[in-house]
Amino acid sequence: MTQNAVHSAAPHFSDFNLDARILRAIEESGYTTPTPIQSQAIPVVLSGQDVMGSAQTGTGKTASFVLPILQNILPLASTSTSPARHPVRALVLCPTRELAVQVADNAQKYAKHTPIRSAVVFGGMDIKSQTPALRAGVELLIATPGRLLDHLESGNVSLGQVNYLVLDEADRMLDMGFLPDLQRILNVLPKQRQTLLFSATFSPEIRKLAESYQKNPITIETAQRNATSQNITQTVYSVSDKMQKRSALVQLIREQHVEQAMIFVNTKIEARELTRFLQRAKINAQSIHGDQSQTERLATLEGFKKNEVLILVATDVAARGLDISLMPCVINFDLPYNAEDYVHRIGRTGRAGSQGRALSIATPHDDRLLAAICKLTKQAFTAIPLEPTPSREERPRSAERTARPPRAEGEAPRVRNNERSAPHRRSAVEEQELSHLRRKVNLSSDPFFTQPYQPSPSTMSDAEKSKHSTWARPNKQGQNAPVAALFKLGKPSKR
DNA sequence: AAAAAAC
């Protein structure tokens with residue numbers, strides 16, 4: 001192994017003291033140059049120290065703990081068939097089931113030429129199918145907390161020899177909802193262990209809390225704290241009230257040429273209803289949220305990865321960690337309640353050096369949420385208004401209106417009603433009106449749509465601005481011009 | 001104020 005003595009060329013994975021079998025798997029995955037978080041974290045994890053690692057979304061945090069952990073446990077991996085010779089040495093905890101699956105897939109990929117055994121356990125699936133692997137023994141276990149506790153209580157697994165603990169999306173794992181389960185797991189782990197925390201975001205409170213779970217942690221930050229990826233062009237659009245959001249969304253999808261996107265909403269009900277709405281507008285949409293069966297969630301995510309589904313309407317179950325290759329666009333239909341979630345949501349795009357777009361829809365009601373996002377990510381947004389045309393006659397008919405009357409505030413969500421009013425029951429008039437919305441609008445020559453970023457009258461210094469390259473883009477049209485352009489072109493023609 | 005995570 002090269003020890004990186006005098007090194008002028010670009011860094012390479014072979015610079016680390018990794019076993020040839022691990023290096024081979026890295027090579028087969030097509031990676032040559034480690035990312036900054038990998039360059040910095042891997043040696044520290046190999047050295048045995050605790051790490052609190054934060055790096056922007058899509059910069060390879062998973063490999064930065066998986067690779068050195070594999071290296072560290074490799075000498076202990078037995079080829080014996082005795083379960084007793086295969087205790088769990090390393091445990092990775094994840095906040096969602098899909099993320100656990102993804103991390104496990106990665107671990108499997110990097111471990112494939114080694115005798116290290118790994119398994120993943122998570123809820124919502126038959127527990128019996130997970131038991132044999134645990135009973136046979138695995139060195140590396142990836143899990144969601146609840147199901148892991150279930151297996152612990154059933155005596156399917158023992159964690160008494162876990163020397164490496166990773167909290168992936170650590171700030172989430174340490175929040176109130178997870179803390180009790182996490183504490184119960186920590187209670188059965190050896191005190192003598194390495195604890196690694198990784199996330200793109202750490203609030204000051206969580207950062208402080210995290211310290212109590214680690215021993216002299218080395219903090220590794222490869223970017224400004226809580227920063228969004230530079231690869232993502234972020235735009236915020238405003239509408240005057242909540243009822244405008246659906247038609248604004250359809251406009252954005254059509255006029256911004258959104259071909260594949262994740263659309264985030266704040267509730268499971270909204271995920272279901274918005275998906276239904278988009279499907280009626282003949283948009284290829286599916287949803288993913290916690291009220292679905294796990295089988296359905298996994299199938300939908302697979303379909304989205306394979307481009308069989310173009311629009312994935314998601315709750316924050318899909319906000320963190322998920323790596324969907326070259327996914328080009330994230331839309332916040334609702335702004336998230338936590339500013340950190342904004343960073344994670346938009347981080348589903350612009351990964352591994354690719355370019356991405358993030359569009360958000362805000363109402364005046366969302367001012368405080370937007371302000372919190374600006375503050376956290378150290379950016380200023382000027383929302384671009386998307387106002388409906390003034391006269392009732394000229395106003396574009398929203399697909400929502402066409403499909404069914406809008407739901408009044410406070411009225412119970414009409415979930416069952418929705419199920420019955422399937423697209424084939426639409427009247428001819430409704431069909432005709434919907435066809436307006438489906439009309440393909442070619443706006444590629446309009447400067448607004450080839451120049452999506454709206455710079456803000458900034459209060460930032462030039463030095464600060466230079467850290468946010470997307471800021472510097474001038475808007476020759478002036479702030480209101482794009483709005484007018486959008487509305488003129490967005491109007492359905494009366495024919 | 002909501003989502004997620006065990007049965």
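All values derive from a computational prediction rather than experimental measurement. Sequence lines set the chain letters: A, B, ... in the order given, protein chains first and strands last, and positions in each chain run from 1.
Heavy atoms of D341(A) sit nowhere under 4.0 angstrom from any nucleic acid atom. Residue-level contact check: R297(A) touches the backbone only, with heavy atoms under 4.0 Å from sugar-phosphate atoms and none from bases. Contacts of D181(A) with the nucleic acid, taken as non-hydrogen atoms under 4.0 Å apart, are absent.
Screening T96(A), D341(A), T201(A) for a side-chain hydrogen bond (donor to acceptor under 3.5 Å, both in side chains) with R172(A), the sole residue that qualifies is D341(A). Remark: of the listed residues D334(A), T235(A), N332(A), N332(A) is the sole one forming a side-chain hydrogen bond (donor to acceptor under 3.5 Å, both in side chains) with S360(A).
Set against dA4(B), dA6(B), dA2(B), the side chain of V317(A) has dA4(B) as its closest nucleotide. For T315(A), whose side chain is taken as the heavy atoms from C-beta onward, the closest listed nucleotide among dA5(B), dA3(B), dA6(B) is dA3(B). Listed candidates were dA4(B), dA6(B), dA1(B). Nearest to the side chain of K268(A) is dA4(B). Taking only side-chain atoms of E98(A), from C-beta outward, the nucleotide of dA6(B), dA5(B), dA2(B) with the closest atom is dA5(B).
Within residues 167-177 of chain A, the residues approaching DNA chain B are G177(A), by heavy-atom distance under 4.0 Å.
Atom pair I288(A):CD1 and dA3(B):C1' shows a separation of 13 Å (rounding to whole Å applied). Rounding to whole angstrom units, CE of residue M125(A) and C1' of dA5(B) are separated by 16 Å. We find that CZ of R345(A) is positioned 11 Å from P of dA4(B), with the value rounded to whole Å. The distance from atom CG of L369(A) to atom P of dA2(B) is 13 Å, rounded to the nearest whole Å. The separation between Q292(A) atom CD and dA5(B) atom P is 11 Å, rounded to whole Å. The separation between R320(A) atom CZ and dA4(B) atom P is 13 Å, rounded to whole Å. Remark: P of dA4(B) and CG of L179(A) are 19 Å apart, rounded to the nearest angstrom. Between the CD atom of E270(A) and the P atom of dA1(B) there is a distance of 18 Å, rounded to whole Å.
F202(A) is linked by a ring-ring contact (aromatic ring centres under 6.0 Å, His included) to nothing, counting only residues two or more places apart in sequence or in another chain. Partners of Y164(A) under the ring-ring contact (aromatic ring centres under 6.0 Å, His included) rule, at least two apart in sequence or in another chain, do not exist in this structure.
When only modelled atom types and interatomic distance are considered, Q102(A) and D323(A) share no side-chain donor-acceptor pair under 3.5 Å.
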Exercise for the section: Please assess Q234(A) against Y342(A) for the test side-chain contact (heavy atoms from CB on, under 4.5 Å), listing each intermediate value before the final yes or no. Expected result: CA-CA 11 Å; Q234(A) 302 171 52; Y342(A) 175 85; 2.7 Å; yes

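To the nearest 0.5 angstrom, L310(A) atom CG is 10.5 Å from I253(A) atom CD1.
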